[in-house]
Structure formats: C-alpha cells, structure tokens
Q: 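If you scroll down you'll find the structure; I have some questions about it.
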Amino acid sequence: MIDISRYDSTFENKWCPGCGNFGILQAMKHALSSLTIPPEKVLIVSGIGQAGKTPHFIRCNMFHGLHGRALPVATGAKVANHDLTVLVSSGDGDCYGEGGNHFIHAIRRNPNITLLVHNNQVYGLTKGQASPTSSIGMITKLQPHGVHQTPFNPILVALSLGATFVARGFSGKIQQLSQLIQQGIQHRGFSIIDICQPCVSFNSINTYPWYQKRIYELDEATHNRSDLKHAMELATEWEERIPLGIIYQSQRPAFEDTIDALKTLPLVKQETQVDQLRTIMNNEHKRN
Ligand SMILES: Cc1ncc(C[n+]2csc(CCOP(=O)(O)OP(=O)(O)O)c2C)c(N)n1
Ligand code: SF4
Ligand SMILES: [Mg+2]
C-alpha cells in the first residue's frame, strides 16, 4: 500500500460541498494506493464536465481534452505505453452523449483501460440540463415539460456489444467502489464502471436517500459473473432495486494484444525509424 497522500494534488477543488464526485475521487486514490501503483505510472484521461475535472485533483499524469473524446486518447496512450495504468474519468453526458460513438467502439476494441463514468443523470457543469441518463419526467430549466426520451441504459448497451467487464458502483460506498476500481484495473481488457453519483445542486430526483432506498450489493458467493443472460436481467433493474458490483466479466484478447506491430514491444520502447520517416515525408512533399 502506498501512502494515499502521495496522490494529493495542489489544485483548488470547486465541486459543490456534498457532491458525489468526492467519494469517487477518494475511491480512485484508495484503489491506486492499494494496488501500489505510484503516481508516475498512472494516466487519467478526461473530457469536459465536472467529472472531467477529476484528474486535476489526483497527482498523476493527466490529459484533459475535448468533450466526449477521452476514450480514443486513452486507447492511444495505452497502445503507446503498456506500462501505464490508464483510467478514464467521464460524465454521463460526456461518455454516453457527446462521446457515445467512442463508447460503442471502445467496447468492440477492448483496450486494456478502465472507464469510470460519474453518472449523475444530469449535465452538471452547464447547470442542470437533461443528460442521456436523466429519468423520464425530470424537469429542468431546458426541459420545463419534463424529459420525454427513454433513458440510455449503459449496462445493457455494454453487455449487448460484448463488453468484458461491466460493473456498477455508488459514490456513497467508497470501500466497495475502490474494490471495483481495483478489479477493473486488474482485468485484462476494457473495464467499464458506471457509478451512481448524486449531483446535489441540479438533480433533486436521484439523491443520496433515493439511492440508499434502492441499492443492494450482488452476493459474490452466489452471483455468476459469466452468465450473460442473467447480467442482462440485472441491467434492466433500476426503479425498484439497483444492483451494485461486477455484473458481468469475460475474457477475449485486449486491443494491444491483437496488433502485430506491438507484439515485440510497445511503441514507446521501439526505436524510431528516422530514415523511413524521412523517405515518407520527402515523398509526400514531392507529391504536393
Ligand atoms: C462539443 C461540446 N458540446 C457541448 C459542450 C458544453 N458542455 C460542457 S460540459 C457539458 C455537460 C457535461 O455533462 P456530463 O458529461 O454529464 O458531466 P458532469 O458535469 O455532469 O460531471 C456540456 C454540454 C462542450 N464543451 N463541447
Ligand atoms: S454541479 Fe453537481 S456534479 Fe457539479 S460539482 Fe456541483 S454537485 Fe457535483
Ligand atoms: Mg453528468
């Protein structure tokens, strides 16, 4: 175990007091420290949003890029340097809305990275518009007559696309969430952890008491993680009961294991073929 204070950053945190993001941040630091992954071996990639600010508050390598575009950056970084533990911190808007296409194709590729979706069912940073996971009927300043669209079900979508690690956590259960993050990091392939995260300023429906009434932990001893049909049934539970834990896990080759050019060494350890590069550049120059 690494002293958790080694992951403390010096940036000022402006999240609202009581925001579920604090629990997620704590669970991330706890998971990294428990797995003894030092800050210099961690890369956190994020897009835009309150969730997207997370890497500012952990001492590690970080890339804070465009809205919805964290997954391709993270995949590229892992391909280039296998030694890095690559995490993505994304919001429900960022990952399932603006970045929905990347979510779909990252599942197909199965890169060896871990995705944490801070799912507060609202656009927090832009002050409370509906997100893809907002409940039907939710009233916001932009949806005064309530949301009409069917909410996006990330767990069911991930399962239907062949995701190899699908879990759900709750920001109010930090110990369990840390365990899920640790298992996600240890999973070889794309690990998806959708995290129920109360937004205390803009979501008055999905509050801490609302979740406390519904959440239950899957029993590790009896839950069969490789049963896809049962996992799909669990994925449809929401209004009455919300399962937490690893809903499904399976194995298939990770993206970086399927690329011939990486079979010897990751890109970062390969020698740059300067002559070849020069020839290509010169030919390109002549063509133009
Ligand atoms: C391409 C693009 N579209 C829209 C925006 C405006 N915008 C910034 S943050 C945000 C919503 C973020 O919501 P979410 O991903 O759920 O994160 P949260 O703030 O709730 O953590 C939007 C729409 C943007 N920055 N870029
Ligand atoms: S607006 Fe919501 S998500 Fe953003 S910091 Fe405040 S409570 Fe958290
Ligand atoms: Mg959100």
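In listed order, ligands and their atoms are each counted from 1. Numbers for residues simply follow the sequence, beginning at 1.
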Q: List ligand 2 atoms under 4.0 Å from Phe202, heavy atoms only on the residue side.
A: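 Under 4.0 Å from Phe202, ligand 2 has these atoms: 1 (S).
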
Q: Using a 4.0 Å cutoff against the non-hydrogen atoms of Gly124, which atoms of ligand 1 qualify?
A: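 Within the 4.0 Å cut-off of Gly124, ligand 1 contributes 18 (P), 19 (O), 20 (O).
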
Q: Check this for me - ligand 1, Gln197, N or O atoms closer than 3.5 angstrom, yes or no?
A: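 Among all N and O atoms of Gln197, none is under 3.5 Å from an N or O of ligand 1.
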
Q: Do the side-chain N and O atoms of Ser250 and Thr164 include a donor-acceptor pair separated by under 3.5 angstrom?
A: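 Short answer, no.
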
Q: Could you go through the salt bridge (Lys or Arg N to Asp or Glu O under 4.0 Å) check for Arg168 and Glu237 one step at a time?
A: CA-CA 12 Å; Arg168 185 188 280 121; Glu237 290 185 11; over 6 Å; no

Q: Using heavy atoms and a threshold below 4.0 Å, how should the contact between Thr126 and ligand 1 be classified: side chain, backbone, both, or neither?
A: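 Near ligand 1, Thr126 shows its side chain, while the N, CA, C and O stay back.
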
Q: Answer yes if the side chains of His118 and Ser90 hold a donor-acceptor pair under 3.5 Å, and no otherwise.
A: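 No, Ser90 and His118 have no side-chain donor paired with an acceptor closer than 3.5 Å.
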
Q: Heavy atoms only, cut-off 4.0 Å: how does Leu66 contact ligand 1, side chain, backbone, both, or neither?
A: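 None of Leu66 does.
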
Q: Could you check whether the rings of Trp210 and Trp238 sit parallel, tilted or perpendicular, using 30° and 60° as the cut-offs?
A: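 Geometry flag for Trp238 against Trp210: tilted rings.
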
Q: Between Asp257 and Lys263, does a salt bridge (Lys or Arg N to Asp or Glu O under 4.0 Å) hold up when you go through it step by step?
A: CA-CA 7 Å; Asp257 299 335; Lys263 287 214 165 117; over 6 Å; no

Q: Going by atom types alone, do Asn203 and Asn120 pair a side-chain donor with an acceptor below 3.5 Å?
A: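 Side chains of Asn203 and Asn120: no pair found under 3.5 Å.
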
Q: Given side chains that start at C-beta, do those of Val157 and Phe103 come closer than 4.5 Å, heavy atoms only?
A: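 When only atoms from C-beta onward are counted, Phe103 and Val157 do touch, with a gap below 4.5 Å.
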
Q: For Val122, counting its heavy atoms only, list the atoms of ligand 1 lying under 4.0 Å from any of them.
A: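 Taking each heavy atom of Val122 in turn, ligand 1 has 16 (O), 20 (O) under 4.0 Å.
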
Q: For the pair Ser33 (side chain) and Ile4 (backbone), establish whether a donor and an acceptor sit closer than 3.5 Å, ignoring hydrogens and angles.
A: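 Checked: no pair found.
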
Q: Just let me know how His67 lines up against ligand 1, side chain, backbone, both or neither, with a heavy-atom cut-off below 4.0 Å.
A: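 The side chain, only.
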
Q: Do the side chains of Asp94 and Arg69 get nearer than 4.5 Å, heavy atoms only?
A: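 No, every pair of side-chain atoms sits at 4.5 Å or beyond.
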
Q: In this structure, does ligand 1 have an atom that sits under 4.0 Å from one of the heavy atoms of Glu98?
A: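 So Glu98 counts as touching ligand 1.
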
Q: State whether Cys19 contributes an N/O/S atom found under 2.8 Å from atom 8 (Fe) of ligand 2.
A: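 For Cys19, the answer is yes, given that an N, O or S atom comes within less than 2.8 Å of atom 8 (Fe) of ligand 2.
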
Q: For atom 9 (S) of ligand 1, what is the closest protein heavy atom, and at what distance to 0.1 Å?
A: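 That would be Ile48 CG2, 3.6 Å.
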
Q: Which heavy atom of the protein is the closest neighbour of atom 7 (S) of ligand 2, given with residue, atom name and distance?
A: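 Heavy-atom neighbour on the protein nearest atom 7 (S) of ligand 2: Val200 N, 3.4 Å.
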
Q: Say you draw a straight line from CG of Leu277 to CE of Met281; how long is it, rounded to the nearest 0.5 Å?
A: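 CE of Met281 is found 6.0 Å from CG of Leu277.
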
Q: Closest non-hydrogen protein atom to atom 6 (Fe) of ligand 2, residue and atom name please, with distance?
A: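 Result: Cys16 SG, 2.3 Å.
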
Q: Answer yes or no as to whether an N/O/S atom of Asn120 is found below 2.8 Å from the Mg ion (ligand 3).
A: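 Asn120 does place an N, O or S atom closer than 2.8 Å to the Mg ion (ligand 3).
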
Q: Does any N or O of ligand 1 fall below 3.5 Å from an N or O anywhere on His118, backbone included?
A: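 No: no nitrogen or oxygen of His118 is under 3.5 Å from one in ligand 1.
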
Q: Would you say the side chains of His56 and Ser9 form a donor-acceptor pair under 3.5 Å?
A: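 Result is no, nothing qualifies.
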
Q: Counting backbone and side-chain atoms alike, is an N, O or S atom of Val122 positioned under 2.8 Å from the Mg ion (ligand 3)?
A: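 Checking the Mg ion (ligand 3) against Val122, an N, O or S atom does fall under 2.8 Å.
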
Q: I need the contact type for Asn120 against ligand 2. Using non-hydrogen atoms and a strict under-4.0 Å cut-off, is it side chain, backbone, both or neither?
A: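 Only the side chain of Asn120 comes within reach of ligand 2.
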
Q: Who's the nearest protein heavy-atom neighbour of atom 13 (O) of ligand 1, and how far?
A: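 Nearest neighbour among protein heavy atoms for atom 13 (O) of ligand 1, to 0.1 Å: Tyr123 CD2, 3.3 Å.
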
Q: Output yes when Glu220 and Arg225 qualify as a salt bridge under the 4.0 Å nitrogen-oxygen rule, no when they do not.
A: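 Here Glu220 pairs with Arg225 in a salt bridge, since their nearest N and O are under 4.0 Å apart.
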
Q: Is the distance from the Mg ion (ligand 3) to the nearest N/O/S atom of Asp92 under 2.8 Å?
A: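 Checking Asp92: at least one N, O or S atom is under 2.8 Å.
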
Q: Classify the contact between Gln197 and ligand 2 as side chain, backbone, both or neither, using a heavy-atom distance cut-off of under 4.0 Å.
A: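 Under 4.0 Å from ligand 2, Gln197 contributes side-chain atoms alone.
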
Q: Using heavy-atom distances only, which candidate in Ala51, Gly93, Gly91 approaches atom 21 (O) of ligand 1 most closely?
A: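 Checking each option, the heavy atom nearest atom 21 (O) of ligand 1 is found in Ala51.
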
Q: Regarding Thr126 and Gln129, do their side chains bring together a donor and an acceptor under 3.5 Å, going by distance alone?
A: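 Yes.
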
Q: Run the numbers for me: atoms of ligand 1, each under 4.0 Å from some heavy atom of Leu125, listed by number.
A: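 Selected atoms, number and element: 9 (S), 19 (O).
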
Q: Tell me, which protein residue and heavy-atom name are nearest atom 2 (Fe) of ligand 2, and how many Å apart are they?
A: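 The answer is Cys199 SG, 2.3 Å.
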
Q: Could you check whether Glu256 and His82, counting side-chain N and O atoms only, form a donor-acceptor pair closer than 3.5 Å?
A: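 Not at all, the side chains of His82 and Glu256 share no donor-acceptor pair under 3.5 Å.
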
Q: Would Asp94 count as a polar contact of ligand 1, with the cut-off being nitrogen or oxygen pairs under 3.5 Å?
A: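 Yes: some nitrogen or oxygen of Asp94 is under 3.5 Å from one in ligand 1.
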
